Amino acid sequence: MKKTTAAITAVGGYVPDFVLSNKVLETMVDTNDEWITTRTGIKERRILKEENAGTSFMAIKAAEDLLHKRGIEASEIDFVLVATATPDLPVASTAAYVASEIGAVNAFAYDLQAACSSFLYGMSTAASYIESGRYKKVLVIGADKMSSIIDYTDRTTCIIFGDGAGAVLFEPNEEGLGLQDEYLRSDGIGRQFLKIDAGGSILPASEETVKNKQHYVYQDGKSVFKFAVSNMADVSALIMERNNLTKDDVQWLAPHQANKRIIDATANRMGVEADKVLINIDRYGNTTSATLPLLLYDFEKQLKKGDNIIFAAFGGGFTWGSIYLKWAYNS
Ligand code: UT7
């Protein structure tokens, strides 16, 4: 009997209108466009300015865009997964709210948090549900309002992150397209290098934690960079090797958009030419869980049925990994 695979059959996306450029950041902190561009590849990022709007605001827009493009009713969705590091509320599931708002009345929903690897891990979860035959339509949304956890007086982090959301639909495929292989890793040693200290169960919010700015992202950039460069390159090379893929067999590298230098190192290690590397970090910065689906959203028209795509991500935790997927449609 032929194995059922899990393929991406539609993509949606949303980024806020407000553009925060390097030039404007120069007026906010001690930085400059040249430093940001050469060290990260970022020129501008989007910031969600709507009042009382959280991550779900963008997730809903991305999901609605996807449903419209795919031409299906939300009631057909079986499961809604929201990959995010910035849920609307610390406890209530953002995914449950998103599912209800888009009208996915027959779905169950939950969030997945693995920092910048959330969407990558979410693809694995979605594919497993489809491959098992248990569900037919799984919506995975990667969404983050990073501006809600960034200190805009800290030049080491505020130049990096942005807000956005992207969504993909996974469905069964009988032609062998979709997710082919995955290699997912984690190492708790990483949490000292990239974290938010307060607001969790170790250090609940207090006047003191607010005063000490402990609710913002802290990153030891140099250390994270070192781990990210070697690990993202390693897993991408490994997944090519164990699937007998040469550089000519790979049509696209879809890497997490944290730093252009990390992306280049990964592509070099794989031997993949620059024109095969999907990049939008210059326009959005690091949108955490939204980087991978926003790449698919931006480059969807260039992706062809049967194309081999290698996804790679690295994030807080540490969490990282790589996924090999065959694209399933022409748009
Ligand atoms: O997505 C989740 C995973 N995250 C990542 O993968 C991020 C990994 N890390 C990075 O991308 C980079 O480490 C950063 C972009 C965060 C920083 O780049 P770097 O080349 O590692 O810079 P650095 O931290 O080593 O700092 C070099 C210098 C320092 O000055 P001194 O000590 O040499 O005088 C910093 O104080 O650059 C200074 N600096 C800045 N200068 C201008 C740090 N931030 C800025 C800034 N503008 N925004």
Side-chain angles (χ1 to χ4, degrees), residues 20-45 83-86 113-122 142-147 149-164 166 184-196 216-236 254-267 269 279-282 284-295 311-322:
L20 178 59
S21 67
N22 290 351
K23 282 280 160 214
V24 173
L25 278 168
E26 284 181 4
T27 68
M28 296 163 61
V29 289
D30 180 15
T31 191
N32 58 78
D33 176 47
E34 206 253 328
W35 192 97
I36 302 172
T37 307
T38 53
R39 298 287 179 128
T40 70
I42 302 167
K43 293 302 268 184
E44 58 189 41
R45 59 295 286 146
T84 187
T86 52
Q113 209 285 59
C116 290
S117 303
S118 301
F119 186 82
L120 190 85
Y121 286 14
D144 267 306
K145 184 182 171 184
M146 294 305 292
S147 61
I149 52 171
I150 293 300
D151 175 2
Y152 283 92
T153 65
D154 176 3
R155 70 174 182 173
T156 68
T157 51
C158 75
I159 55 125
I160 296 171
F161 295 97
D163 302 337
L184 307 181
R185 307 289 306 138
S186 66
D187 184 350
I189 192 178
R191 86 171 177 184
Q192 62 190 297
F193 302 117
L194 178 47
K195 60 182 175 173
I196 293 177
Y216 293 124
V217 169
Y218 161 82
Q219 177 171 248
D220 171 351
K222 234 190 221 341
S223 300
V224 178
F225 186 89
K226 271 191 224 145
F227 281 98
V229 162
S230 61
N231 285 313
M232 236 170 87
D234 281 355
V235 292
S236 305
H256 173 52
Q257 308 283 298
N259 187 313
K260 174 76 164 50
R261 291 182 289 147
I262 300 173
I263 296 170
D264 291 345
T266 303
R269 177 73 179 283
I279 291 183
N280 56 15
I281 190 172
D282 50 325
Y284 304 146
N286 182 349
T287 55
T288 302
S289 313
T291 62
L292 298 183
L294 277 175
L295 284 176
F311 293 85
F314 185 90
F318 292 129
T319 56
W320 72 99
S322 184

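All values below were derived from every heavy atom in this structure, side-chain atoms included, with hydrogens, water molecules and symmetry-related copies excluded. In each ligand, atom 1 is the first atom listed, and ligand 1 is the first ligand listed. Fair warning: this is a prediction, and the values are worked out from it, not measured in the lab.
Taking the six-membered ring for Trp and the full ring otherwise, Phe314 and Phe227 have centroids separated by 6.0 Å or more.
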Worksheet entry | Test log, rule side-chain hydrogen bond (donor to acceptor under 3.5 Å, both in side chains), inputs Ser230 and Asp234 | CA-CA 6 Å; Ser230 61; Asp234 281 355; 5.1 Å; no
Worksheet item: Could you go step by step and tell me if Ser21 and Lys43 meet the side-chain hydrogen bond (donor to acceptor under 3.5 Å, both in side chains) rule?
Response: CA-CA 6 Å; Ser21 67; Lys43 293 302 268 184; over 6 Å; no
Discussion item. Does Leu25 form a side chain to side chain contact (heavy atoms under 4.5 Å, CB included) with Cys158? I'd like the steps, not just the answer.
Written reply: CA-CA 8 Å; Leu25 278 168; Cys158 75; 3.9 Å; yes
Fill in: Criterion side chain to side chain contact (heavy atoms under 4.5 Å, CB included) on Ile262 and Met232, from CA distance to verdict
CA-CA 8 Å; Ile262 300 173; Met232 236 170 87; 4.2 Å; yes
Discussion item. Does Arg155 form a salt bridge (Lys or Arg N to Asp or Glu O under 4.0 Å) with Asp30? I'd like the steps, not just the answer.
Written reply: CA-CA 7 Å; Arg155 70 174 182 173; Asp30 180 15; 3.7 Å; yes
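Annotation for ligand 1: atoms under 4.0 Å from non-hydrogen atoms of Thr40 are 15 (C). Below 4.0 Å from some heavy atom of Phe314 lie the following atoms of ligand 1, by number and element: 1 (O), 2 (C), 3 (C). Of all the atoms in ligand 1, the ones that sit under 4.0 Å from a non-hydrogen atom of Ala258 are 1 (O), 5 (C), 6 (O). Counting atoms of ligand 1 from 1 in the listed order, those under 4.0 Å from a heavy atom of Ile262 are 6 (O). For ligand 1, the atoms closer than 4.0 angstrom to any heavy atom of Asn286 are 1 (O), 2 (C).
Residues Ile281 and Ile42 are in side-chain contact: their nearest non-hydrogen atoms beyond the backbone lie under 4.5 Å apart. Using a 4.5 Å heavy-atom cutoff, the side chains of Thr287 and Gln257 are not in contact. The closest side-chain heavy-atom distance from Phe318 to Ser186 is not below 4.5 Å. Residues Arg39 and Arg261 form a side-chain contact, since some pair of their non-hydrogen atoms from C-beta on lies under 4.5 Å apart.
Closest to atom 29 (C) of ligand 1, if we only count protein heavy atoms, is Arg155 NH2, 4.8 Å. Looking only at heavy atoms of the protein, atom 27 (C) of ligand 1 is closest to Arg39 NH1, 3.6 Å. Counting only heavy atoms of the protein, atom 18 (O) of ligand 1 lies nearest to Arg261 NH2, 3.6 Å. The protein non-hydrogen atom at the shortest distance from atom 9 (N) of ligand 1 is Gly221 O, 3.1 Å. In terms of protein heavy-atom proximity, atom 2 (C) of ligand 1 is closest to Cys116 SG, 3.2 Å. Looking only at protein heavy atoms, the nearest one to atom 25 (O) of ligand 1 is Lys222 NZ, 2.6 Å. Of all protein heavy atoms, the one lying nearest to atom 46 (C) of ligand 1 is Thr31 OG1, 3.3 Å.
In this comparison of Val224, Thr157, Asp33, Thr319, the heavy atom closest to atom 3 (C) of ligand 1 sits on Val224.
For ligand 1, the polar-atom distance check against Gln219 finds a nitrogen or oxygen pair separated by under 3.5 Å.
Leu292 approaches Ala313 most closely through the heavy-atom pair CD1-CB, 4.5 Å.
Residue contacts with ligand 1 include Ile160, since one or more of its heavy atoms lies under 4.0 Å from the ligand.
A donor and an acceptor atom, one from each side chain of Asn259 and Thr40, are nowhere located under 3.5 Å apart. A donor and an acceptor atom, one from each side chain of Asp144 and Thr84, are located under 3.5 Å apart.
Contact annotation for Ile36 and ligand 1: no heavy atom of the residue comes within less than 4.0 Å of the ligand. At a heavy-atom cutoff of 4.0 Å, ligand 1 is contacted by the side chain of Trp35 but not by its backbone. With a 4.0 Å heavy-atom cut-off, ligand 1 is reached by the side chain of Asn259 but not by its N, CA, C or O. When non-hydrogen atoms are compared, ligand 1 lies under 4.0 Å from neither the backbone nor the side chain of Val29.
Within the 4.0 angstrom cut-off, atom 31 (P) of ligand 1 has no protein heavy-atom neighbours. For atom 20 (O) of ligand 1, a protein non-hydrogen atom is found at a distance below 4.0 Å.
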